[in-house]
*Asks:* 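To start, I am sharing the structure in question, which I have written as C-alpha cells.
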Amino acid sequence: MIGALLLFALVAGALGCGIPTYQPQLPRVVGGEDARPNSWPWQISLQYYSSGQWRHTCGGSLVAKDWVLTAAHCISSSRTYRVLLGRQSLSTDEDGSLAVQVSKLVVNEDWNPNKLTQGNDIALLKLANPVSLSDKIQLGCLPPAGSILPNNYVCYVTGWGRLQTNGALPDILQQGQLLVVDYATCSSRGWWGSSVKTNMICAGGDGVISSCNGDSGGPLNCQGANGQWEVHGVVSFGSSLGCNYYHKPSVFTRVSNYIDWINSVIANN
C-alpha cells in the first residue's frame with residue numbers, strides 16, 4: 001500500500017501538478033475561445049508522420065515526465081508519432097516548446113475499436129526521453145480514484161479540434177467551458193441513452209460549446225477544491241449529427257475509473 005501511494009504521488013505530481021505558471025483566463029465565451037498562452041501546460045498535440053511532414057491528429061495530457069494520457073481511438077500501430085509540448089500555436093516554433101518522439105504505445109486491454117460505446121477509450125504513450133518541466137511544460141494532476149463529479153460542475157475542454165462541424169482546424173489552442181451532465185441525465189432518453197456508460201463523463205450538451213474532431217484524447221480540465229486542475233476526462237466521442245448538438249454532450253473517458261491501470265502501466269513500462 002505504501003508503494004502504491006508513493007507511485008500515485010509520483011504520477012499525479014504531488015510535488016507540483018495542475019497549477020499553471022500562467023493561469024487560464026476563464027470567461028464563458030460562446031463557441032470557445034483562444035486559450036491564454038501556456039495556461040494549460042500539460043496539453044499536448046499528438047502528431048503522426050505522413051508525406052514528409054508531421055500532422056496533428058489528437059490531443060493528450062502530460063501526466064508524468066515521460067508519459068502522456070490520450071484516447072485509444074487516436075492510436076494506430078502502423079503510424080510513427082511524436083508529441084508536441086509547450087505550444088500555443090501549432091505552426092510557430094515557440095520558445096520553450098519541445099517535440100519528443102513516442103517510444104511505446106499502451107492501449108487499454110479492454111478497448112474495442114468496433115464498440116466505441118463500451119468505453120475504455122484510453123491509452124498511454126511513453127516518450128523517448130523524459131521532459132524537463134518548465135513554466136510552459138507542466139504535469140496535469142490525476143483525479144482521486146473513483147471520484148465522480150456532480151451535475152453542472154464547471155470544467156474546460158482544451159484542444160486544437162475543429163471550431164465547428166466540418167469547420168477549420170485552428171492554429172491556436174482553444175478552450176471551452178463545459179458543465180458536467182451526470183450519468184442519470186446523460187443516459188436518459190433524449191440524451192445519450194444506453195450509449196454512455198458509468199466509465200464515461202458527459203459534459204456540455206447546450207448546443208453551443210463542445211469538443212470536435214481533432215480534440216480527441218485531450219483533457220477535460222476540472223479544478224479541485226485545492227485549486228489544482230485535474231484531468232477528469234479524455235475526449236472520446238460526440239454525436240454523428242455534428243459537434244455542438246443539443247442534448248448530445250461531449251463524451252469523455254472517466255479518468256478516475258482508470259487510476260489503477262494508469263499506475264500499473266507506468267510502473268511496469
Side-chain angles (χ1 to χ4, degrees), residues 4 7-8 10-12 42-50 54-85 99-131 139-143 145-146 157-161 195-202 211-221 230-238 250-269:
L7 181 60
F8 180 79
L10 291 172
V11 173
W42 46 89
Q43 170 83 48
I44 66 93
S45 166
L46 179 63
Q47 303 187 337
Y48 67 95
Y49 194 72
S50 176
W54 291 98
R55 302 173 187 269
H56 170 83
T57 182
C58 280
S61 304
L62 187 71
V63 295
K65 289 184 179 181
D66 55 350
W67 286 95
V68 163
L69 184 67
T70 189
H73 82 261
C74 290
I75 303 304
S76 169
S77 59
S78 64
R79 284 180 169 174
T80 299
Y81 292 101
R82 74 172 187 179
V83 164
L84 205 58
L85 306 104
V100 183
Q101 298 290 122
V102 173
S103 63
K104 192 166 191 176
L105 312 169
V106 184
V107 172
N108 186 274
E109 55 274 11
D110 293 324
W111 160 248
N112 184 337
N114 299 314
K115 296 181 178 179
L116 182 62
T117 58
Q118 279 188 354
N120 307 308
D121 187 10
I122 191 168
L124 282 162
L125 311 178
K126 187 170 189 179
L127 304 182
N129 309 106
V131 299
L139 302 181
C141 297
L142 298 176
V157 65
T158 49
W160 288 276
S195 295
V196 298
K197 308 294 187 292
T198 56
N199 58 9
M200 305 172 185
I201 297 176
C202 299
S211 59
C212 203
N213 309 85
D215 288 323
S216 289
L220 180 67
N221 305 288
E230 297 170 343
V231 179
H232 271 265
V234 172
V235 177
S236 181
F237 65 88
S250 303
V251 181
F252 302 79
T253 303
R254 179 166 63 82
V255 175
S256 68
N257 191 63
Y258 297 91
I259 299 300
D260 288 348
W261 178 79
I262 293 168
N263 285 338
S264 175
V265 170
I266 291 176
N268 294 312
N269 291 279

*Asks:* If I take atom NZ from residue Lys65 and atom CG from residue Leu139, how far apart are they, to the nearest 0.5 angstrom?
*Replies:*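 So the gap between those two atoms works out to 7.5 Å.
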
*Asks:* I want to check something: taking the side chain as every heavy atom from C-beta on, are Ile262 and Val255 in contact at a cut-off of under 4.5 Å?
*Replies:*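 Yes, side chains in contact.
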
*Asks:* Distance from Leu85 atom CG to Leu62 atom CG, nearest 0.5 Å?
*Replies:*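 Taking CG in Leu85 and CG in Leu62, the distance rounds to 6.0 Å.
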
*Asks:* Got a second to check how far Trp160's CH2 is from Cys58's SG, nearest 0.5 Å?
*Replies:*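 The SG atom of Cys58 is 12.0 Å from CH2 of Trp160, to the nearest 0.5 Å.
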
*Asks:* Could you check Ile75 against Leu125 for side chain to side chain contact (heavy atoms under 4.5 Å, CB included), going step by step and ending with a plain yes or no?
*Replies:* CA-CA 9 Å; Ile75 303 304; Leu125 311 178; 3.6 Å; yes

*Asks:* Check side-chain contact (heavy atoms from CB on, under 4.5 Å) between Asn257 and all other residues, then give those that pass, not counting sequence neighbours.
*Replies:*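 Once residues adjacent in sequence are excluded, the partners of Asn257 under the side-chain contact (heavy atoms from CB on, under 4.5 Å) criterion are Asn199, Arg254.
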
*Asks:* How close do Thr117 and Ser195 get, heavy atom to heavy atom, and via which atoms?
*Replies:*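 In terms of heavy atoms, the two residues are closest at CB-O, 3.3 Å.
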
*Asks:* Rounded to the nearest 0.5 Å, what separates atom CH2 in Trp42 from atom CG in Asn221?
*Replies:*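 If we round to the nearest 0.5 Å, Trp42:CH2 and Asn221:CG are 5.5 Å apart.
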
*Asks:* Which distance, rounded to the nearest 0.5 Å, do you find between the CD of Gln101 and the CD of Gln47?
*Replies:*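 Output value for this atom pair is 10.5 Å.
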
*Asks:* I need the minimum non-hydrogen distance between Ile259 and Ala145, along with the two atoms involved.
*Replies:*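 Taking Ile259 first and Ala145 second, the nearest heavy atoms are CG1-CA, 3.7 Å.
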
*Asks:* Between Gly59 and Gln43, which heavy-atom pair has the shortest distance, and what is it?
*Replies:*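 For Gly59 versus Gln43, the nearest heavy atoms are CA-NE2, 3.8 Å.
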
*Asks:* I need the minimum non-hydrogen distance between Ala72 and Asp121, along with the two atoms involved.
*Replies:*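 Closest approach of Ala72 to Asp121, heavy atoms only: N-OD1, 2.8 Å.
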
*Asks:* Keeping Tyr258 on the side-chain end and Asn120 on the backbone end, is there a donor-acceptor pair under 3.5 Å?
*Replies:*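 Yes.
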
*Asks:* Can you name the side-chain contact (heavy atoms from CB on, under 4.5 Å) partners of Asp260, sequence neighbours left out?
*Replies:*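 With neighbours one apart ignored, the set is empty.
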
*Asks:* Can you tell me how far apart CG (Leu46) and OG1 (Thr57) are? Round to the nearest 0.5 Å.
*Replies:*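 So the CG of Leu46 and the OG1 of Thr57 are separated by 6.5 Å.
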
*Asks:* Leu84 versus Ile44: any side-chain heavy-atom pair under 4.5 Å?
*Replies:*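 No; the side chains remain at least 4.5 Å from each other.
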
*Asks:* Is any side-chain heavy atom of Val231 closer than 4.5 Å to a side-chain heavy atom of Phe252?
*Replies:*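 No, their side chains stay 4.5 Å or more apart.
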
*Asks:* What class does the angle between the rings of Trp111 and His73 fall in, given that below 30° is parallel, 30 to 60° is tilted and above 60° is perpendicular?
*Replies:*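 Tilted.
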
*Asks:* Would you say Lys197 has more than 12 foreign heavy atoms packed within less than 6.0 Å of its NZ?
*Replies:*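 Yes - once you tally the heavy atoms of other residues, nucleotides and ligands closer than 6.0 Å, there are more than 12.
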
